[in-house]
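Working notes, structure below.
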Amino acid sequence: MPRPFERLSASVVPKHYDLFLKTDLEKCVFNGHVTVSLEVKEPTKRIVLNSQDLKIDEDIQLELSDGSIIRASELDTSDNDCETIALVFLSDVPAGKCKVTLKFNGELTDNLKGLYRSKYTSHDTNEERYCAVTQFEACDAHRCFPCWDDPAIKATFDITLSVPKNRVALSNMPVKSEEVLPDGNVLVKFETTPIMSTYLVAVVVGEFDYIEDKTPDGICVRVYTPVGKQEQGRFALDVAVKVLPYYKEYFKMPYPLPKMDLIAIGSFAAGAMENWGLVTYRETCLLVDLLKTTTQRKQWIAIIVAHELAHQWFGNLVTMEWWTHLWLNEGYATFAEFLCVANLFPEYDIWTQFVTETWSPALKLDALKNSHPIEVPVGHPLEVDEIFDDISYSKGASVIRMLHRYIGDADFAKGMNLYFKKYQYGNAATDDLWNTLEEASNKPISSVMSKWTRQMGYPVISVRSEQVGNTRKFYLKQSQFWADGSASSGDSQLWMVPIEFCSAKAPNEVVHEVLLDKSEAEVVISGIGENDWVKLNPGSVGFYRVQYSNEMLQLFKPAVSNLSLPPLDRLGLLGDLFALVQSGQTSTDQALILLEAMQNEHNCTVWSSMTSVLTKIRMLLQYAEDIQPKFMAFGRRMLAFIGSTISWDPRPDEGHKDKLLRNVILDLLYAFEDENTSVEAQKRFEAHKNGTTPLWSDIRGTVYKTVLRSADAATYETFLELYRQETLQEEKERILYALAAIKDDDLQAAVLKFALTDEVRTQTTLTLLGAIAQSRKGRDLVWNYVKNNWDEIHKKYGTPVILSGFISSSFSHYASEEKAVEVEKFFAENKTSGAERAVQQTVERIRINAAWLKRDLPCIREFLQKF
């Protein structure tokens, strides 16, 4: 039985690290030494710190403030459960200041954490090479050097690297000096960092080019790219030099470091990591090729750059006290990224996209019994990996957006400035944030918000109304919403819910607002006619669902059809109704009727929401093969009008949202097997393959998938050749994921086999398997492979964030109790390292699907009879 995790004692704390590292990129090993300046607060014979996967020299010396030296009598490495080592002394180390030096060595592995190796192909010789990269969040700094690996135990760092003379060396701070060593290496010393947490320390050694610019106040910003690709960093650089001044002005707090580096890394588990002054990114999250990068991808890069640079304040300048408050980093950075991008790129209409990309996924996840509160108690740091999810990021951002609306932008910005001033270079907990926002706004922030962060889930507001002359009375009732339709118990949780109303008289204005702080309430609003629709939660700002009475719901249909209901409210209405469908509180035909009323829709984000509903039903009906063809016909009918307005080629006068709409609609036409789309895609691919007319970026994905769906062996080989010749990772991944569309059984098996070769990057393999699993046959193929090869998969691809996403995306579309039991039993008997919650959520979703299919198949069948 493992010993319960304990955080490190505050009786001995580091104040400064002097760290030296030398990497051998050929032998894939590293060595180094670290001298840590300590403050010993009370005499002790044991100094405990973190270390994992390192071999440490047992000749350990500690220098006292008077210059005398004492040696450790023992290096105790027995506590593997807490990933700690203890320096044991025969007599007490006295209170006061001292220094301890530790020598160590380790391996540069491929596991994408700690100090690891990332493979790439050299620009000049096409040889396979490696660079050394750090990824320390959440708690993997101690895989690189012995340290106090706790976000609350901050210190300053002097970092020195010994690197080959033909390699670039980077860290958090600018280079202080360089010296050529007798062995031919270069000794690179960096400036001293500000006081910071260990998980934000960063080191990169490899071959890179860069481009640079400066912000108006002189901060040097560089984007590092693979050699020869520096111009692909231009867009991210342009974004970054605008983002830093925006945050400086909004937060009234300058960026505190003298430089800001952004670097594209080949092998990387997450999308990006906010190391202070040296942000690491996947290539696909940073690099833009003017001919091959899609409109959607460029927008995503702007978003992710804004997110990581927001962390330079949220997380780096002010750090959560412990991982329980991870959302203070991630939720706030997610909200801030939209705030920033909305200001810098108004043509994106990014707040509308927030609802589909952030708000909606959070609602879906948080309705599960296996969700968790925003503030989830974290014991062992290994548990942190489970909460890098849509609750910490998307729900966190959504409740902040609701709070921002509640207190207003001016008071919100004022409160953030107070927060940064008070806690800069230190640590904070959630209540510290509420207190500063309360001070700025004079509103009861703690009372309103504490339940949103400490309770799991959210409410559904049931509403019915009655008309009395020119006045409407509304009866509101809140109860917890569960995805499986469970009724709330008598002592169910309540929230303080800021509820706003809009109506047909003024669709874009709030006509009434109320703070619902009990289970039921009555609201009276005057000036509303008998046939006027009234909508709760205009703009989908509140983090809750709404269940309208049938009479209220029917009044929306004309406004949905003629588009007089605003876009955010059209997609919010559909999202709420469909959530009630899946939970069994209304029937699927009601969602299909609403979709029929939306055939005139032309907003790209509303169509994105419609796509989510259509896709989910299509995936469910994979297990009802007798009526699936009729649903496909329904989908094509839904797309007939909008499809006729979409051009395959860009138009001179089209805007950003027009480009996004093209992508959404062409992908839907592909998914619903539209014949005209298939013919056009085949024709365009032939012209592309022959070099006559290269495909432009925004249609490549749809063309590739459409062609590959009916591919023979020769076509498959053509795409493999395209993949092997390509150097842009975005395009390589586009080809890979298109391969998952293949229907032929033998070729589908070949794709799975190819996914597991070294030709596919580790971070991408399981995503490709997840793409294969989007079809019924593909899902069974992947599941059978997983069952037979789990140990190998877990060993090679076992990074929790990757593993969790794979399990959820691959198997959540099963729809039988038998499969739920099978999946649950298999993962109970096999190690999942940090993905346990994802397994529980997947099993829960399978059971929800099974109940939904059994319950609503008759009404779906009846609705589809006319198609």
Side-chain angles (χ1 to χ4, degrees), residues 231-232 234-236 238-239 283-304 341 345 347-350 352-353 356-357 601-612 614-615 639 642-672 674 676-709 719 722-723 726-741 771:
E231 281 306 310
Q232 293 180 10
R234 181 69 60 186
F235 176 73
D238 292 344
V239 173
E283 290 180 17
T284 54
C285 294
L286 194 68
L287 304 184
V288 170
D289 183 293
L290 294 179
L291 297 177
K292 297 175 184 176
T293 296
T294 64
T295 303
Q296 184 74 52
R297 175 64 60 175
K298 279 186 71 175
Q299 178 184 284
W300 170 239
I301 288 170
I303 282 280
I304 201 166
V341 169
F345 300 94
E347 68 274 18
Y348 287 7
D349 188 23
I350 204 69
T352 303
Q353 296 184 58
T356 53
E357 301 301 319
E601 185 58 62
H602 55 68
N603 182 282
C604 64
T605 312
V606 180
W607 263 109
S608 180
S609 184
M610 294 164 66
T611 297
S612 177
L614 288 164
T615 301
L639 289 159
I642 189 69
S644 69
T645 70
I646 295 296
S647 70
W648 286 74
D649 297 306
R651 292 170 172 156
D653 59 343
E654 70 182 13
H656 180 82
K657 292 189 289 182
D658 298 317
K659 292 181 173 69
L660 295 182
L661 179 63
R662 174 189 289 110
N663 180 260
V664 171
I665 299 305
L666 289 182
D667 257 5
L668 266 179
L669 288 166
Y670 151 78
F672 281 93
D674 176 71
N676 291 334
T677 302
S678 180
V679 170
E680 184 68 19
Q682 291 283 354
K683 182 182 75 174
R684 287 176 178 261
F685 181 70
E686 286 302 315
H688 174 73
K689 184 175 68 171
N690 297 333
T692 310
T693 310
L695 289 167
W696 70 290
S697 58
D698 279 2
I699 66 170
R700 285 190 179 211
T702 298
V703 169
Y704 291 168
K705 288 185 292 186
T706 306
V707 170
L708 279 164
R709 180 161 52 195
F719 274 89
L722 288 172
Y723 175 82
E726 184 56 53
T727 60
L728 181 70
Q729 190 62 23
E730 176 190 347
E731 176 73 356
K732 290 178 82 74
E733 290 186 7
R734 186 181 295 126
I735 295 168
L736 275 181
Y737 300 149
L739 291 173

Audit row: Y670, R709, side chain to side chain contact (heavy atoms under 4.5 Å, CB included) steps and yes/no: CA-CA 10 Å; Y670 151 78; R709 180 161 52 195; 3.4 Å; yes

Stepwise side chain to side chain contact (heavy atoms under 4.5 Å, CB included) check, L660 with Q353: CA-CA 11 Å; L660 295 182; Q353 296 184 58; 3.7 Å; yes

pair Y348-I303: side-chain heavy atoms closer than 4.5 Å: no

Side chain proximity check, K659 to H656, heavy atoms < 4.5 angstrom: no

Expected output: side-chain N690 to main-chain T692 donor-acceptor under 3.5 Å: no

is_close_aromatic(F685, F719), centroid dist under 6.0 Å: yes

Contact summary for K732 and E726, nearest pair of heavy atoms: NZ-O, 3.4 Å

C604 backbone acceptor or donor facing S608 side chain under 3.5 Å: no

Shortest non-hydrogen contact between L695 and H688, atoms and distance: N-ND1, 3.0 Å

Modelled atom types, side-chain donor and acceptor of T294 and D698, under 3.5 Å: no

Side chain to side chain contact (heavy atoms under 4.5 Å, CB included) between I665 and T645, worked out: CA-CA 10 Å; I665 299 305; T645 70; over 6 Å; no

Atom pair CD (Q682) and OG1 (T706), whose distance is rounded to the nearest 0.5 Å: 8.0 Å

From CH2 (W607) to CG (L668), nearest 0.5 Å: 6.5 Å

Check: L669 and T702 side chains under 4.5 Å, non-hydrogen atoms: no

Nearest non-hydrogen partners of N603 and E601, listed with the distance: N-OE2, 2.9 Å

R662 and S647 side chains, donor-acceptor separation under 3.5 Å: yes

Minimal non-hydrogen separation, S609 against T356, with atom names: CB-CG2, 4.0 Å

Side chain to side chain contact (heavy atoms under 4.5 Å, CB included) between D674 and E680, worked out: CA-CA 10 Å; D674 176 71; E680 184 68 19; over 6 Å; no

Between CZ on residue F235 and OG1 on residue T293, distance to nearest 0.5 Å: 10.0 Å

Heavy-atom side-chain proximity of N663 to T295 below 4.5 angstrom: no

Inter-residue atom distance E730.CD - W300.CH2, 0.5 Å rounding: 13.0 Å

Residues R297, D289; criterion salt bridge (Lys or Arg N to Asp or Glu O under 4.0 Å); working and verdict: CA-CA 10 Å; R297 175 64 60 175; D289 183 293; over 6 Å; no

Polar side-chain atom of W696 near backbone of W648 as donor-acceptor pair, under 3.5 Å: yes

